[in-house]
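FYI, the numbering just counts along the sequence from 1.
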Amino acid sequence: MNKRILSLIAMVLALAMMVACGGGTTTESAASGDAAASGDAAASGDAAASDWEWERDIEIICTFDVGSGTDTTLRALMPEVEQILGVNIIINNIAGASGVNGAEYFNQQPADGYTYAMYTPSHLIAAYNGTTSFDILNETDPVICVVQDSNFIYSNVDLPFSDVQGMIDYAKEHPGELTLSLQSVTGIDAVSAQQFFQAAGIDVTLVAADGSEAYSMVIGGHADMTLGSIVDGLGYVEGGRLNALVILSPTRSTVEAVADVPTSVELGYDATVGPWRMIVAKKGTPEAAMASFEAAIAEVCENSETWEEYKIQNGLNDREGFFRQAEARQMWNDYYTTVEDLLGSVA
């Protein structure tokens with residue numbers, strides 16, 4: 001990966017880490033001079049929220065399977081949002097094609113303020129690849145980003161290495177021999193893995209796995225490594241069935257069992273692209289409806305002990321991931337530029 005791309009990624013991630021919960025921004029100029037304006041915008045949005053009256057149930061399209069990180073995030077967050085808004089929130093799982101199937105369904109719904117979706121960086125990859133029938137990048141209105149996760153690379157315990165440097169050394173001596181299993185070799189996890197492998201100067205072969213088989217393939221010796229979140233891999237690490245090699249993040253995990261696992265940044269690699277989860281609306285959705293929904297979600301994110309406990313249990317407190325509408329919009333655009341540069345470098 002060339003220095004321009006690494007510098008861009010480092011800049012975006014560094015600026016994102018500067019965003020305080022409920023305020024700040026993801027652009028350098030705004031961070032230095034527009035903090036007050038951002039606060040004014042949030043206040044204006046909250047005022048607009050009072051102009052919207054909820055008259056029926058809200059539907060949120062979860063673009064991934066029941067039990068996925070996207071799904072569990074919604075199911076942890078929305079019960080308290082329901083209480084604030086006084087209406088039911090129906091979570092509709094429409095999975096497949098790395099989130100594209102759900103996005104296509106979402107695009108067919110009316111922009112009337114009652115239908116939303118949860119998107120991830122996989123949807124920006126879809127935008128880059130043009131795999132949707134609509135302009136997903138420009139026909140989406142980010143509402144609020146609620147969490148940002150970090151990926152670990154896990155390995156089979158019987159390999160001739162048990163740490164990340166050993167893996168890198170082995171891969172350099174055996175280019176293309178090591179395999180890494182993923183549920184999608186075209187989604188954000190594949191981009192995350194390839195970013196690290198490129199930065200480390202190694203060649204690892206990606207292999208597709210069905211559902212949870214990504215982990216079982218490694219445990220069974222059918223693949224050498226896999227990549228995923230701490231909540232997905234922790235039980236295998238604690239049970240001695242997988243080794244956690246590296247966390248692709250600027251900071252180490254606060255989860256005790258993997259607190260000693262080094263970060264990609266510690267190793268000198270600016271390879272920290274990972275998943276975030278963002279509530280979005282279809283372009284044309286009434287601003288007052290989005291403001292009301294954003295305000296209710298923000299209230300839970302900022303004040304709920306239940307939500308805080310969920311994040312702790314799922315390793316979602318290690319990176320800043322809460323960005324209100326203005327910051328979420330900027331994050332959406334900046335991240336697309338990052339994806340564009342990353343994928344363009346391997347085209």
Side-chain angles (χ1 to χ4, degrees), residues 22 41-66 68 70-71 73-124 126-127 131-147 276-301 322-333 336:
S44 176
D46 288 342
S50 64
D51 296 333
W52 184 263
E53 294 185 8
W54 297 97
E55 299 176 345
R56 54 186 172 88
D57 294 347
I58 298 169
E59 180 183 15
I60 296 185
I61 310 304
C62 178
T63 55
F64 296 92
D65 287 318
V66 173
S68 65
T70 307
D71 177 75
T73 297
L74 282 172
R75 295 184 190 278
L77 181 62
M78 289 303 149
E80 291 185 79
V81 178
E82 285 182 325
Q83 295 176 16
I84 294 169
L85 297 180
V87 294
N88 295 322
I89 298 176
I90 300 168
I91 299 171
N92 186 2
N93 293 81
I94 301 178
S98 297
V100 169
N101 288 352
E104 291 285 2
Y105 173 86
F106 177 51
N107 186 60
Q108 295 169 10
Q109 308 312 305
D112 58 5
Y114 287 90
T115 306
Y116 299 84
M118 179 167 271
Y119 278 2
T120 72
S122 289
H123 294 91
L124 291 176
T131 52
T132 55
S133 64
F134 65 102
D135 185 355
I136 191 171
L137 179 66
N138 296 306
E139 294 182 35
T140 298
D141 268 334
V143 175
I144 189 168
C145 187
V146 295
V147 290
W276 38 253
R277 295 160 197 155
M278 182 183 294
I279 301 293
V280 301
K282 186 177 177 180
K283 183 70 72 176
T285 298
E287 289 287 344
M290 288 192 292
S292 178
F293 202 34
E294 175 204 15
I297 295 170
E299 183 175 335
V300 175
C301 289
F322 173 68
F323 305 107
R324 294 195 64 157
Q325 189 171 13
E327 291 77 27
R329 288 176 187 271
Q330 189 64 54
M331 183 181 189
W332 175 261
N333 293 327
Y336 178 78

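In this structure, the separation between CG on N101 and CZ on F64 is 10.0 Å, given to the nearest 0.5 Å. Here the CG-CG distance, from N333 to L137, works out to 6.5 Å after rounding to the nearest 0.5 Å. Distance check, rounded to the nearest 0.5 Å: CD of E82 to CG of L77 gives 10.5 Å. Considering SG of C145 and CZ of R329, their distance stands at 14.0 Å, rounded to 0.5 Å. Between the CD atom of E287 and the CE atom of M290 there is a distance of 3.5 Å, given to the nearest 0.5 Å. Rounded to the nearest 0.5 angstrom, E294 CD and E299 CD are separated by 12.5 Å.
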Could you tabulate the donor-acceptor pairs under 3.5 Å formed by side-chain atoms of residues 84-92, not counting sequence neighbours?
residue: N92; atom: ND2; partner: E59; partner atom: OE2; Å: 2.8

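Heavy atoms only, all atoms of each residue included: C62 and T70 are closest at SG-CG2, 3.9 Å. Counting all heavy atoms, side chain and backbone alike, Y119 lies closest to A103 at OH-CB, 3.4 Å.
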| request: Mind running salt bridge (Lys or Arg N to Asp or Glu O under 4.0 Å) on D112 and K282 for me, showing each step along the way? | output: CA-CA 9 Å; D112 58 5; K282 186 177 177 180; over 6 Å; no
| Which is it for S133 and E104 under the side chain to side chain donor-acceptor pair (under 3.5 Å) test, yes or no, and what are the steps along the way? | CA-CA 7 Å; S133 64; E104 291 285 2; 2.6 Å; yes
| Does the side chain to side chain contact (heavy atoms under 4.5 Å, CB included) test come out yes or no for I60 and M78, once each step is laid out? | CA-CA 10 Å; I60 296 185; M78 289 303 149; 3.6 Å; yes
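With S292 contributing its side chain and A288 its backbone, the two residues share no donor-acceptor pair below 3.5 Å. A donor-acceptor pair is defined here as one N or O able to donate and one able to accept, closer than 3.5 Å; no such pair exists between the side chain of E139 and the backbone of F134. Listed for the T63 side chain is a donor-acceptor partner under 3.5 Å among the backbone atoms of M118. Side chain of Y336 to backbone of P121: no donor-acceptor contact under 3.5 angstrom is found. Between the side chain of Q109 and the backbone N or O of Y105, at least one donor-acceptor pair lies under 3.5 Å. S68 contributes a side-chain N or O that, together with a main-chain N or O of D65, makes up a donor-acceptor pair within less than 3.5 Å.
Checked against the 6.0 Å centroid criterion, the rings of F323 and W276 do not qualify as a close aromatic pair.
Salt bridge D71/R277: absent, no basic N to carboxylate O contact under 4.0 Å.
Note: F293 and Y116 have tilted aromatic rings, judged against thresholds of 30 and 60 degrees for the angle between ring planes.
N107 is linked by a side-chain hydrogen bond (donor to acceptor under 3.5 Å, both in side chains) to nothing, counting only residues two or more places apart in sequence or in another chain.
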